[in-house]
A.B. asks: 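My questions all concern the structure below.
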Amino acid sequence: MNTIFKALNDETRRNILEMLSKQEMTAGDIADKFNISKPSISHHFDILKRADLVTSEKKGQFVVYSLNTTIFEDIIKWIITLKKNNGKN
């Protein structure tokens with residue numbers, strides 16, 4: 001869970017996740033939306049992939065990234081459980 005929160009703690013990564021919530025995108029398409037180097041974008045993707053927030057698939061010469069919605073469902077369930085447990089005190 002710490003890996004997930006670390007990944008979500010950065011505005012650029014949150015922006016990437018927001019873009020991927022609308023559609024799958026290549027790393028190049030996403031990099032074009034930011035004014036940072038491609039190695040920096042790769043670093044952000046690395047963190048997002050380690051947190052299991054995004055998945056990647058090689059399609060020809062491109063790598064296409066998509067949002068891993070399953071992990072978000074797990075986070076929401078965990079937060080709801082915390083809220084329910086907090087209401088019992």
Side-chain angles (χ1 to χ4, degrees):
M1 194 71 70
N2 285 341
T3 309
I4 294 168
F5 288 119
K6 177 185 175 188
L8 294 173
N9 193 38
D10 182 86
E11 183 178 2
T12 299
R13 291 190 286 272
R14 289 192 306 268
N15 289 337
I16 290 169
L17 292 171
E18 191 173 328
M19 283 188 259
L20 291 175
S21 73
K22 296 177 178 110
Q23 64 183 13
E24 293 181 340
M25 297 177 78
T26 66
D29 290 338
I30 292 170
D32 290 343
K33 306 284 184 192
F34 295 93
N35 191 22
I36 57 178
S37 68
K38 294 200 191 253
S40 291
I41 287 289
S42 292
H43 174 71
H44 287 298
F45 275 118
D46 209 35
I47 291 170
L48 290 169
K49 285 181 2 184
R50 275 189 269 133
D52 206 24
L53 294 169
V54 298
T55 59
S56 60
E57 182 181 349
K58 184 96 167 138
K59 292 185 180 179
Q61 63 182 4
F62 300 102
V63 176
V64 177
Y65 290 90
S66 59
L67 196 63
N68 181 1
T69 55
T70 303
I71 197 76
F72 286 101
E73 290 168 2
D74 291 344
I75 293 168
I76 290 167
K77 286 178 190 174
W78 178 74
I79 291 170
I80 289 170
T81 300
L82 284 178
K83 181 158 178 51
K84 284 180 184 176
N85 290 341
N86 188 36
K88 292 179 183 177
N89 292 337

A.B. asks: What residues, two or more places apart in sequence or in another chain, satisfy side chain to side chain contact (heavy atoms under 4.5 Å, CB included) together with Lys59?
C.D. replies: Glu24, Glu57, Val64
A.B. asks: Just to verify, what does Asp10 make a side chain to side chain donor-acceptor pair (under 3.5 Å) with, not counting sequence neighbours?
C.D. replies: none
A.B. asks: Show me the side-chain donor-acceptor pairs of residues 38-45 shorter than 3.5 Å, one per line, residues at least two apart or across chains.
C.D. replies:
residue : atom : partner : partner atom : Å
Ser40   : OG   : Ser37   : OG           : 3.0
Ser42   : OG   : Lys38   : O            : 3.2
His44   : ND1  : Arg13   : NH1          : 3.0

A.B. asks: With the side chain counted from C-beta on, respond yes when Thr70 and Asp52 share a heavy-atom pair under 4.5 Å apart, and no when they do not.
C.D. replies: no
A.B. asks: Taking salt bridge (Lys or Arg N to Asp or Glu O under 4.0 Å) as the definition, give me every residue that meets it alongside Lys22, ordered by chain and number, with sequence neighbours left out.
C.D. replies: Glu18
A.B. asks: Can you sort out the partners of Arg14 under salt bridge (Lys or Arg N to Asp or Glu O under 4.0 Å), two or more places apart, ordered by chain and number?
C.D. replies: none
A.B. asks: I need the minimum non-hydrogen distance between Val63 and Ser56, along with the two atoms involved.
C.D. replies: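 Smallest interatomic distance, heavy atoms only, reads CG1-CB, 3.7 Å.
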A.B. asks: Are any of the side-chain heavy atoms of Ile16 and Tyr65 separated by less than 4.5 Å?
C.D. replies: no
A.B. asks: By side chain to side chain donor-acceptor pair (under 3.5 Å), which residues pair with Ser66, not counting sequence neighbours?
C.D. replies: Thr55
A.B. asks: So does Asp46 pair up with Arg50, basic N to acidic O under 4.0 Å?
C.D. replies: yes
A.B. asks: Just checking Lys58: does its NZ atom have more than 12 heavy atoms from other residues, nucleotides or ligands closer to it than 6.0 angstrom?
C.D. replies: yes
A.B. asks: Which heavy atom in Ile71 sits nearest to a heavy atom in Ala51, and how many Å separate them?
C.D. replies: CG1-O, 4.3 Å
A.B. asks: Going from CG on Asp74 to CD1 on Ile79, what distance comes out if it is rounded to the nearest 0.5 angstrom?
C.D. replies: 11.0 Å
A.B. asks: Is any side-chain heavy atom of Leu20 closer than 4.5 Å to one of Leu53?
C.D. replies: no
